[in-house]
Amino acid sequence: MSIRVGIVGISGFGGGEAMRLIAGHPSFELVYAAGEGSAGSRLVDRFPGVPAKLAELVIEKWDPATLPKLDVLFASLPTGTSAEALVRVPKDVKIIDIGGDHRYVEGWAYGLADVWPAQIEGQTRVANPGCFPAATLTALAPLLANKLIESENIIIDAKTGISGAGRGGADNRFGYAESNENLAPYGLLKHTHMPEMTKTIERLSGGSAAALVFTPHLVPMTRGVLVTIYCRGRASTEQCLDAARTFYAGRAFVRVTDKPPQTKWATGSNFAFVSYAADPERNLVIAMGVVDNLGKGAAGHAVQNANLIFGIPETAGLDGVPVWP
Ligand SMILES: NC(=O)C1=CN([C@@H]2O[C@H](COP(=O)(O)OP(=O)(O)OC[C@H]3O[C@@H](n4cnc5c(N)ncnc54)[C@H](OP(=O)(O)O)[C@@H]3O)[C@@H](O)[C@H]2O)C=CC1
Ligand SMILES: CC(=O)N[C@@H](CCC(=O)OP(=O)(O)O)C(=O)O
């Protein structure tokens with residue numbers, strides 16, 4: 001089966017990673033690439049290592065009115081810029097929105113693929129989770145589903161690589177001189193990922209997550225997200241690990257580890273690594289989650305969601321071993 005695929009935002013970090021994964025996918029054929037400033041260039045001009053079969057594909061100016069025949073479109077546009085245009089994509093073209101415009105929006109499934117794959121199968125509009133929610137919710141889901149922690153009083157301390165901010169435009173503030181040897185918290189109290197995390201924690205637990213605290217930090221590495229999540233609960237470490245092993249039994253992309261996970265374990269892959277440390281005496285559960293922000297945090301998760309939509313093996317195009325070191 002050949003599934004005709006398009007990517008808008010292909011010159012960006014998320015779109016470029018989607019291109020890399022789709023180029024190696026056994027059932028996907030990339031037939032359309034679009035953007036804004038990059039329009040007119042060939043893929044080989046932007047990505048010198050692109051496979052020969054894709055080298056001459058020319059990036060078109062993004063316009064939903066001029067799409068060729070497509071089965072699925074991956075949209076990797078800056079959050080805030082895709083909602084209006086994606087409405088104009090024909091209904092028979094399935095869409096995975098890697099950006100943040102359609103999370104918990106009516107008519108769109110929230111694509112938390114490892115946690116609720118059955119809710120994504122057969123959908124036509126899927127909103128990919130943000131990179132921090134992908135790591136956080138994957139780590140918390142087994143604890144919430146088994147009532148091992150309270151949904152209230154969850155504190156998420158997160159670290160992200162610089163590529164999480166995208167290549168950016170003219171006002172890019174993430175250059176080498178500003179980011180190297182630097183650590184910076186940002187988005188305090190009101191980060192854009194708060195609503196989707198709050199809603200999903202409430203959906204998984206049935207309780208309130210109104211008091212959620214989330215503080216991301218920018219660290220000088222290229223890829224990777226680590227979340228360290230402090231929760232209230234009387235479970236032991238073994239109970240948490242067992243709950244996660246059972247919850248993710250048979251699932252391809254979540255690895256439950258005894259050791260605290262590290263960002264490098266996930267680089268270049270669609271894996272999420274989760275682990276736990278808990279002290280029932282102190283009513284304390286620490287959950288940890290690691291993803292590659294461009295893998296499970298964006299393009300890997302998007303391809304997994306597309307596989308679920310089309311009913312092909314969930315691991316198709318995603319079975320590469322992470323890059324190490
Ligand atoms: N980076 C990450 O780790 C993650 C990113 N995301 C989300 O994915 C989306 C893309 O992010 P990212 O790849 O990092 O961003 P980049 O800044 O790297 O890329 C943005 C892309 O959008 C294109 N673009 C911008 N404006 C327009 C426009 N008006 N019309 C058509 N194309 C346009 C750019 O094309 P051109 O160069 O041609 O102008 C570029 O290809 C965002 O919503 C982001 O929040 C989600 C999870 C993780
Ligand atoms: C370092 C950095 O800036 N990271 C981004 C997360 C990228 C992401 O997941 O973005 P969307 O939710 O917009 O898709 C941020 O904190 O907003």
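Nothing here was measured: the structure is a model prediction, and the numbers come from that model. Ligands are counted one by one from 1 in listed order, and the atoms in each one are counted from 1 as well.
- In the hydrophobic cluster analysis, where Ile, Leu, Val, Met, Phe, Trp and Tyr join through side-chain heavy atoms closer than 4.5 angstrom, Tyr104 is grouped together with Leu140.
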Before you tell me yes or no, could you show the steps for Asp97 and Ser82 under side-chain hydrogen bond (donor to acceptor under 3.5 Å, both in side chains), namely the whole-Å CA-CA distance, both residues' side-chain angles and the distance that decides it to 0.1 Å? CA-CA 8 Å; Asp97 189 359; Ser82 69; 3.2 Å; yes
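- No side-chain heavy atom of Asp292 sits less than 4.5 Å from a side-chain heavy atom of Trp265.
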Using a 3.5 Å cut-off on N/O to N/O, what pairs does ligand 2 make with the protein? A line per pair would be great.
residue	atom	partner	partner atom	Å
ligand 2	4 (N)	Gly164	O	3.1
ligand 2	4 (N)	Tyr186	OH	3.4
ligand 2	9 (O)	Cys131	N	3.0
ligand 2	9 (O)	His193	NE2	3.3
ligand 2	12 (O)	Arg103	NH1	2.6
ligand 2	12 (O)	Arg103	NH2	3.4
ligand 2	12 (O)	His193	NE2	2.4
ligand 2	13 (O)	Thr79	OG1	2.8
ligand 2	14 (O)	Arg103	NH2	2.7
ligand 2	16 (O)	Tyr186	OH	2.6
ligand 2	16 (O)	His191	NE2	2.7
ligand 2	17 (O)	His191	NE2	3.4

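- With Ser11, Gly166, Cys131, Ser163 as candidates, the residue nearest to atom 15 (O) of ligand 1 on a non-hydrogen basis is Gly166.
- Remark: the backbone N or O of Ala316 is paired with a side-chain donor or acceptor of His25 at under 3.5 angstrom.
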side-chain contact (heavy atoms from CB on, under 4.5 Å) between Phe28 and Ile312, intermediate numbers included: CA-CA 11 Å; Phe28 289 173; Ile312 56 184; 3.9 Å; yes
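- Using a 4.0 Å cut-off to heavy atoms of Leu294, the atoms of ligand 1 that qualify are 1 (N), 2 (C), 3 (O).
- In terms of polar-atom proximity, defined here as any N/O pair under 3.5 Å, Pro129 makes no such contact with ligand 1.
- Residue Thr81 places no heavy atom under 4.0 Å from ligand 1.
- On a distance-only criterion, Phe13 and ligand 1 share at least one N/O pair closer than 3.5 Å.
- Hydrophobic clustering (side-chain heavy atoms under 4.5 Å, transitive across Ile, Leu, Val, Met, Phe, Trp, Tyr) keeps Ile10 apart from Tyr32.
- Taking every heavy atom of Glu36 and a limit of under 4.0 angstrom, the matching atoms of ligand 1 come to 27 (C), 28 (C), 29 (N), 30 (N), 31 (C), 32 (N), 33 (C), 35 (O), 36 (P), 38 (O), 39 (O).
- Heavy-atom proximity to Gly37, at under 4.0 Å, picks out these atoms of ligand 1: 36 (P), 38 (O), 39 (O).
- Atom NZ of Lys53 is surrounded by more than 12 heavy atoms from other residues, nucleotides or ligands within 6.0 Å.
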If you apply the rule side-chain contact (heavy atoms from CB on, under 4.5 Å), what do you find for Leu137 with Ile201, and how did you get there? CA-CA 7 Å; Leu137 299 170; Ile201 291 169; 3.9 Å; yes
Assess whether side-chain contact (heavy atoms from CB on, under 4.5 Å) is satisfied between Asp71 and Val5, documenting all intermediate values. CA-CA 6 Å; Asp71 296 307; Val5 173; over 6 Å; no
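- Between Phe132 and His191, the ring-plane angle classifies as perpendicular under the 30° and 60° cut-offs.
- Residue-to-ligand polar distances place Arg167 within reach of ligand 1: an N/O pair is separated by less than 3.5 Å.
- For ligand 1, the polar-atom distance check against Arg46 finds no nitrogen or oxygen pair separated by under 3.5 Å.
- Side-chain atoms of Thr267 do not come within 3.5 Å of backbone N or O of Val323 as any donor-acceptor pair.
- Every atom of ligand 1 with a heavy atom of Gly14 under 4.0 Å away is listed here by number and element: 12 (P), 13 (O).
- Where the criterion is an N or O separation shorter than 3.5 Å, residue side chain and backbone included, Gly297 fails it with respect to ligand 1.
- Which parts of ligand 1 touch Ala298 is read off a 4.0 Å heavy-atom cut-off, strictly below it: atoms 47 (C), 48 (C).
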